[in-house]
Amino acid sequence: MFKQITKTVWLISLISLFNDFSSEMLYPIIPLYLEQIGYGSILIGVLEGIAECMGGLAKIYSGSLSDILKKRLPFVQLGYFLSVLSRPLMGLFQHSAPIVGARILDKAGKGIRTGARDAILGDESNEGNRAEVFGFHRSLDNWGAVLGPLAALLFLYYYPNQYRTIFLLTIIPGLVAIFFTFGIKEKTHSVPKKRPSLKEHFSYFSKATISYKKLVMILLMFAFASSSDMYLLLKAKQSGLSDTQLLMAYILFNLVAAFAAYPLGKLADKKTGKLNMLLAGLAVYAFTYYLIGFYTSTIIIVLGFVGYGLYYALTDGIIKAILISISPPDEKASAVGFFAGANSILLLFANLLAGAVWFAFGAKVVFFYSIIITFITIALLVFFYKKKLRAD
C-alpha cells in the first residue's frame, strides 16, 4: 500500500505527527489559559497576529537560505527544536512579553522548518507520486491534530483547570519528534560560493517562473476567503453547539483530513490530476462555508466540518506538490517558503477584515464574501491553468 513512501518520507511524516500531537494539545487550552491570566479577546488576537507575521517572514527567509546553502536537515531540526521549546515556556509566564516571545518562537520554528521540510519531501518524490507523498505527510500530520486535543481533553477530565501542566506535558511528544529528525539522511549538494544579500532572500517572487507567479497570486487572493478556523468555531458556537461539541467537531475535521489526504493524493497522481483535485477542494470549501454560515442545525454544521476536513485533504498537500512541480529543482524550499510565508502574513489582514465585517454586518456577510472569493479563485485557476496543468 505504501510502496511509494520512502524511509525519509516516513520519518518526516512521523515527526509532523508527534509535533502536531504536541502543539494541538494546546489548541483547546491557549484561549482558556490566556483568559484565566487576564487576556481579553483583542489581546489574544494581537498576540496571534504578531506571531503569525513573524512566522511568515521566517518561512520566506529560511526557505531561500535552505536553497542557497543546499541544506535541509539543519533547518528542520532547528525549527522543530524551537517550537518544542516554546510550548512549555508559555505555561511558565503570566506577563505579556514572555508569552508573546514564546508564541513568536513557536511560529518562527514552524517558519524555519517549513520550506526545508517540504523540499525534502519534493526530493523524495517525482511527478508520478508527488501528490501521494505530500498527501501521506499531511495524513500523518492530521493524525497528530486528532490525538493532541483528545489527550488534552482526557487530562482535563481528570485534572480540571490544570492548564500549566499541559504546557509542560507537550514536551514529551515534542521530544519524540526531535528524536526522529536524527534518523534523516540528507542528500548532499554542492554549496555555492556567493552568498546573497538579505534583500535577495525576500525577492524570490521576482525571479520565479511565470506559472509560479500566476498561481501564487491567485492563491494569495484566496487567503482573504480563508481566514482563521476560529471564525468557523465561533459561528458554530453561535448556532448552538456546546464547547464539548465544538471541540469534537474540530477533532472530526482533523480525523476526516487524516483519513482522506493520502488516498486523495494518490488519486491526484494516478487519475484525477493535481489541478482538478485543487479545484474540487475549493468547491468543497465554498459548500462548507455555505453550510456552516447559513444553517443552524447541529447535524448540518457537523457535516460542514466533515467537508472542511475534506477540503484540507484535497488542497493542503496538493498545493505544495504543484508549487514544487512548476519550480526549478534547486528552488523547492524557496518556492514553498515564499508562498507559505506570504500566505501567513496575508492571513493576519484576512482575519482583521473578517473581524471588522463580522462586527459591522454580522457573520453571514463574512461567509458570503468568502464564498464569492472562492468562486473567483476557481474561475481564475480554470482560465489560466487548465490546459497547462491538465496532466500535471
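Source: prediction; values computed, not measured.
Interatomic distance, CZ of F294 versus NZ of K235, reported as 8.5 Å (0.5 Å rounding). Note: F182 CZ to Q77 CD = 5.0 Å, rounded to the nearest 0.5 Å. Interatomic distance, L65 CG to I112 CD1, rounded to the nearest 0.5 Å: 10.0 Å. For the atom pair CD1 (I373) and CD1 (I378), the distance works out to 12.5 Å, reported to the nearest 0.5 Å. A distance of 4.5 Å separates CG of L381 from CD1 of I218, quoted to the nearest 0.5 Å. One finds the CG atom of L11 at 12.5 Å from the CD1 atom of I5 (value rounded to the nearest 0.5 Å).
Not a single donor-acceptor pair under 3.5 Å links the side chain of S139 to the backbone N or O of F259. Under the 3.5 Å distance criterion, the side-chain polar atoms of S125 are matched with a main-chain donor or acceptor of G122. Under the 3.5 Å distance criterion, the side-chain polar atoms of T170 are left unmatched by any main-chain donor or acceptor of S23. In terms of modelled atom types and a separation under 3.5 Å, the side chain of R117 and the main chain of V76 share no donor-acceptor contact. R113 contributes no side-chain N or O that, together with a main-chain N or O of L78, makes up a donor-acceptor pair within less than 3.5 Å. Remark: the backbone N or O of A102 is not paired with any side-chain donor or acceptor of D106 at under 3.5 angstrom. One N or O on the side chain of S86 and one on the backbone of S83 form a donor-acceptor pair closer than 3.5 Å. Looking only at distances, a side-chain donor or acceptor of N129 sits under 3.5 Å from a matching main-chain atom of N126. K213 places no side-chain N or O within 3.5 Å of a backbone atom of K207 that could act as its donor or acceptor partner.
Aromatic pair Y295/Y290: ring centres closer than 6.0 Å. Aromatic pair F253/Y312: ring centres closer than 6.0 Å.
Shortest non-hydrogen contact noted between L241 and I301 is CD1-CD1, 4.0 Å. Shortest non-hydrogen contact noted between S16 and H137 is OG-NE2, 2.7 Å. When every heavy atom of T374 is checked against every heavy atom of A225, the shortest pair comes out as OG1-CB, 3.8 Å. Considering every non-hydrogen atom in both G56 and S344, the closest pair reads CA-CB, 3.9 Å. The two residues A119 and A333 make their nearest non-hydrogen contact at CB-N, 3.8 Å. Minimum interatomic distance between A342 and I60 (heavy atoms only, all atoms of both residues): N-CD1, 3.9 Å.
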Side chain to side chain contact (heavy atoms under 4.5 Å, CB included) for D20 and N142? Distances and angles first, verdict last.
CA-CA 8 Å; D20 248 40; N142 280 298; 5.7 Å; no

Checklist line | Stepwise side chain to side chain contact (heavy atoms under 4.5 Å, CB included) test for L323 and L215 | finding: CA-CA 8 Å; L323 288 174; L215 179 61; 3.9 Å; yes

Could you go step by step and tell me if L220 and M217 meet the side chain to side chain contact (heavy atoms under 4.5 Å, CB included) rule?
CA-CA 5 Å; L220 289 180; M217 288 178 68; 5.9 Å; no

Audit row: F75, Y80, side chain to side chain contact (heavy atoms under 4.5 Å, CB included) steps and yes/no: CA-CA 9 Å; F75 293 91; Y80 281 112; over 6 Å; no

request  = Test F179 against F18 for ring pair (Phe, Tyr, Trp, His ring centres under 6.0 Å), laying out the working first.
outcome  = CA-CA 10 Å; F179 172 77; F18 282 101; over 10 Å; no

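When the shell of 6.0 Å around CZ of F205 is examined, it contains more than 12 heavy atoms from other residues, nucleotides or ligands. Under a cut-off of 6.0 angstrom, the local environment of NZ in K364 is sparse, with at most 12 non-hydrogen atoms contributed by other residues, nucleotides or ligands. I299 CD1: 12 or fewer foreign heavy atoms inside a 6.0 Å radius. Counting non-hydrogen atoms of other residues, nucleotides and ligands closer than 6.0 Å to CZ of F368 gives a total of 12 or fewer. The neighbour count for F81 CZ, taken as heavy atoms of other residues, nucleotides or ligands under 6.0 Å away, does not exceed 12.
Taking hydrophobic clusters as Ile, Leu, Val, Met, Phe, Trp and Tyr residues chained together by side-chain heavy-atom distances below 4.5 Å, V336 does not share a cluster with L347. Under the 4.5 Å side-chain contact rule for hydrophobic residues, I210 and V216 do not share a cluster. Taking hydrophobic clusters as Ile, Leu, Val, Met, Phe, Trp and Tyr residues chained together by side-chain heavy-atom distances below 4.5 Å, F359 does not share a cluster with V365.
A tilted orientation is assigned to the rings of F367 and Y289, their planes being inclined by 30° to 60°. Using cut-offs of 30° and 60° for the angle between ring planes, the Y204 and Y212 rings count as perpendicular.
Checked by atom type, the side-chain pair T114/K110 shows no donor-acceptor distance below 3.5 Å. A donor atom on one side chain and an acceptor atom on the other are not found under 3.5 Å apart for K274 and S325.
You'll find the side chain of L150 stays beyond 4.5 Å of the side chain of L154, heavy atoms only. No side-chain heavy atom of Y250 sits under 4.5 Å from any side-chain heavy atom of L246. Inter-residue side-chain proximity for T8 and D123 is flagged as unmet; no heavy-atom pair is nearer than 4.5 Å. With a 4.5 Å cut-off on side-chain heavy atoms, I184 and I12 count as touching. Contact of the L353 side chain with the Y369 side chain is registered, since non-hydrogen atoms from C-beta on lie closer than 4.5 Å. Counting only heavy atoms from C-beta outward, the side chains of F287 and Y311 never approach each other to under 4.5 Å. Contact annotation: the side chain of R72 approaches that of D67 to within less than 4.5 Å [non-hydrogen atoms, C-beta and beyond]. Residues F305 and L291 are not in side-chain contact: their nearest non-hydrogen atoms beyond the backbone lie 4.5 Å or more apart.
Salt bridge annotation for D118-K332: absent, with no cationic side-chain nitrogen under 4.0 angstrom from a carboxylate oxygen. Checked for salt-bridge contact, D269 and K266 miss the test: no charged N lies under 4.0 Å from a carboxylate O.
Under the side-chain contact (heavy atoms from CB on, under 4.5 Å) test applied with L314, the options I319, N276, L264 reduce to a single match, L264.
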